[in-house]
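So you know, we letter chains A, B, ... as the sequences are listed, proteins then strands, and number each from 1.
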Amino acid sequence: MSIFKFYKAKFISSLTSQGFELNDFSEKLSVDIPKQEKFGDISFNAPLVLSSSLKKNPIIIAQEILDIFLKQFNEFQSIEVAKPGFINFKFNNNFWLNYLLQISDEKNLLKDHSKKINIEYVSANPTGPLHVGHCRGAIYGDTLANLLNYVGNTVTKEYYINDYGNQIHMFSKSVYARILEIQKSIKFDATSGLYPGEYIKDIAKSIIKKKLIISFENYDLIKEDLGKFAMQEAMVMIKNDLLSLGIKHDLFVSETDLVNKNNVNKAIKILEDKNYIYTGVLPKPKGDENEDWEPRDQLLFKSTLFGDDVDRALKKSDDTWTYFANDVAYHLYKLDREYDQYINILGADHAGYLKRLQACVTALSDSKVNFVCKVCQLVKLYKSGEPYKMSKRAGDFITAKELVDAVGKDAVRFMMIYRSNDSQLDFDFDLVTEKSKENPVFYVQYATARINSILRKVKVDNNQITKDDLSLLNSSYELEIIKKLSVWPKCLELSAVNLEPHRIPYYLYELSSMFHSYWNLGKENNDFKIVDNPNINLVKARVFLINKILLILKSGLSILNVSAPETM
RNA sequence: GGUCUUGUAGUGAAAUGGAUAUCAUUCUUGUCUUCGAAACAAGCGUUUUAGGUUCGAAUCCUAACAAGACCGCCA
């Protein structure tokens, strides 16, 4: 547990026992690290929060609280009242040494609030390999899944396969055209609107080679099988691409399956029974240049009841279900499996779809479900400051695999998460392959390698170490590192609760930076040397400290699924 | 026209509503020369603008401006 949470609870119970009414304020009360060192190690804002309801000057309240705390706590070196109405605490060194002694990786930090979570991410169409645009959402979703699992939840990683509808026909036709090209030298018509990508050829070759279909004479006879096999091939590609990023889903849900099992009718029936469906005419979208648009009666879902901008069509003019109708069925299927929380990772290009998804889930569940959509903004690739195009294939996109091949899994994963998902991200090829401080991936990994190197050189047994042994760690640098380590649980908790994993690489970078600085002290002053130091007891204590640093770095990197190398 | 996201040092970014807004980098200057690839110190900021909520706003609300993404019965 983080010391901040721990002391918040302690302070609240202490004050409650002294007659303070804090029930309404538990959200606003906070125990935090002050930005400035002179304000101590932790600060408490109760006087500011309470002043209006108690109708008292916060400073006066602070004095009262201070008197109570001075009697009750002995782990503080000082407790002070500060300007607007904070109470600032400074721990004694003993406290920090005890803290250092018991530092753990904080796995299962939030086990007490353990949830069953479903997280859907990637869900790329099964018509070709993963491209670079999918990477960010894929890594964001996967890191989030790791993180939520790490802190003690049960997480299901889900992939929804859109293996239904027109695009699949187009895909199937495209593969067929490539098969004809291979077998009968019928030239591929690039103007036909079929998918031009090279990978279509690979899929065609594979289908021929595996003899999945005997005769390709009559397309109409084989189109269903061909489409099925082609999608299977594409899914193999996608799964391989995901694997190269270190991603493995638990569950793949097929749209076709849902349609065939009558889930769409079932879902629409539910909405109908709740009176959320009607037949009506949608207005022409504004800003649309298309003159073919004609008003038409159609089956609509009242998504505007739930905050959407317009009601959404469920049936097309040929009386088949829309993609959205199938999605309603998919979400019903999700809800039926009863998770405590649903997380859905979308790319920026699907942000406009978010409201209707939220609407359908709200409608199906009567607002009873915790369903969160997170959108990842675009990634722009750069090389030497120039927008970068990697693929030579005409009309083709940059694939995830090409990106991983160029810079490695670790760099891709680290950098894709090194920014808030709401902000656009510039990904620079030169930077991530650079071996310098500017490259955060290198900098953090180098810290783990350096620590491992030290551990190889200094063989000490730290199992029996005591607080007294650690008391040799009395420099301000060492104390600062211990304090930084104490922030780790808070970082984990904030990341998990707010679904913001970007805090983790930032934290790891800062911790690495502190370690590197600490190491470099030994260059100017022999007393600070860790390895070549005549004081064996000091070496032992320092090795204990850097072991804890390594523990946290490794834990953090494991959540990111980035390697923590022992040598580089 | 609408919706969503973003707007913080020259550049790129952080910051559960907390106190004098951090970190990296560019440049100048000084110290040091490697227990593993350098480190340390110093200089530079109207958090886009205007209102509002609050004891307190980069953060929340409203409006404007700017950038990006999206917007039909495609998926």
Produce the list of close N/O pairs, under 3.5 Å, pairing protein atoms with atoms of nucleotides 61-63 of chain B; give distances to one decimal.
none

Pairwise N/O distances under 3.5 Å, protein to nucleotides 73-75 of chain B:
from	atom 1	to	atom 2	distance (Å)
B:C73	O2	A:Ser317	N	2.3
B:C73	O2	A:Ser317	OG	3.1
B:C73	N3	A:Arg296	NE	3.2
B:C73	N3	A:Ser317	N	3.1
B:C73	N3	A:Ser317	OG	3.0
B:C73	N4	A:Arg296	NE	2.3
B:A75	OP1	A:Asn166	N	3.4
B:A75	OP1	A:Lys316	NZ	3.3
B:A75	O3'	A:Tyr164	O	3.2
B:A75	O3'	A:Gln167	NE2	3.1
B:A75	O2'	A:Asn125	OD1	3.2
B:A75	O2'	A:Asn125	ND2	3.2
B:A75	O2'	A:Gln167	OE1	3.2
B:A75	O2'	A:Gln167	NE2	2.8

Shorter than 3.5 Å, N or O on both sides, protein versus nucleotides 5-10 of chain B: list them out with atom names.
from	atom 1	to	atom 2	distance (Å)
B:U5	O2'	A:Asp422	O	2.3

Dump every N/O contact between nucleotides 39-47 of chain B and the protein below 3.5 Å, one line per pair.
from	atom 1	to	atom 2	distance (Å)
B:C40	OP1	A:Ser517	OG	2.8

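Atom CD of A:Glu80 is separated from atom P of B:A19 by 18 Å (rounded to the nearest Å). Atom CE in A:Met415 sits about 15 Å away from atom P in B:A24, given to the nearest Å. Following rounding to the nearest Å, A:Tyr518 (OH) and B:G36 (C1') show an atom-to-atom distance of 17 Å. Rounded to whole Å, the distance from CZ on A:Phe25 to C1' on B:G17 is 16 Å.
In this structure, A:Lys457 reaches the B:G36 phosphate: one of its side-chain N or O atoms is under 4.0 Å from OP1 or OP2.
A:His131 pairs by the ring pair (Phe, Tyr, Trp, His ring centres under 6.0 Å) definition with A:His134, A:Phe397, not counting sequence neighbours. Listed by chain and residue number, A:Tyr276 satisfy the ring pair (Phe, Tyr, Trp, His ring centres under 6.0 Å) test with A:Phe306 (two or more places apart in sequence, or in another chain). Considering only residues two or more places apart in sequence or on other chains, A:Arg312 meets the salt bridge (charged side-chain N to carboxylate O under 4.0 Å, His left out) condition with A:Asp308. A:Phe4 meets the ring pair (Phe, Tyr, Trp, His ring centres under 6.0 Å) test with no other residue; sequence neighbours excluded. Legend: residues meeting side chain to side chain donor-acceptor pair (under 3.5 Å) with A:Lys228, ordered by chain and number and at least two apart, are absent.
Among the protein residues, A:Lys35 comes within range of the sugar-phosphate backbone only, with heavy atoms under 4.0 Å from sugar or phosphate atoms but none that close to a base. Residue contacts shown for A:Asn57 are absent, as no nucleic acid heavy atom lies under 4.0 Å away.
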Under 3.5 Å, which donor-acceptor pairs link side chains of residues 452-460 of chain A to any protein atom two or more places apart or in another chain?
from	atom 1	to	atom 2	distance (Å)
A:Asn452	ND2	A:Thr448	O	2.8
A:Arg456	NH1	A:Glu566	O	3.2
A:Lys459	NZ	A:Arg456	O	3.1

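The pair A:Arg542-A:Glu478 meets the salt-bridge criterion, with a side-chain N (NZ, NE, NH1 or NH2) lying under 4.0 Å from an Asp/Glu carboxylate O.
Counting only Watson-Crick or G-U wobble pairs whose defining distances are both under 3.5 Å, the stems of 3 or more consecutive pairs in RNA chain B are B:1-7 with B:65-71, B:10-13 with B:22-25, B:27-31 with B:39-43, B:48-52 with B:60-64.
Near-neighbour residues of RNA chain B inside residues 36-48 of chain A, defined by a heavy atom below 4.0 Å, number-ordered: A:Gln36, A:Lys38, A:Phe39, A:Ser43, A:Asn45, A:Leu48.
Taking 3.5 Å as the limit, the base of B:G12 and the side chain of A:Arg419 contain no donor-acceptor pair of atoms between them.
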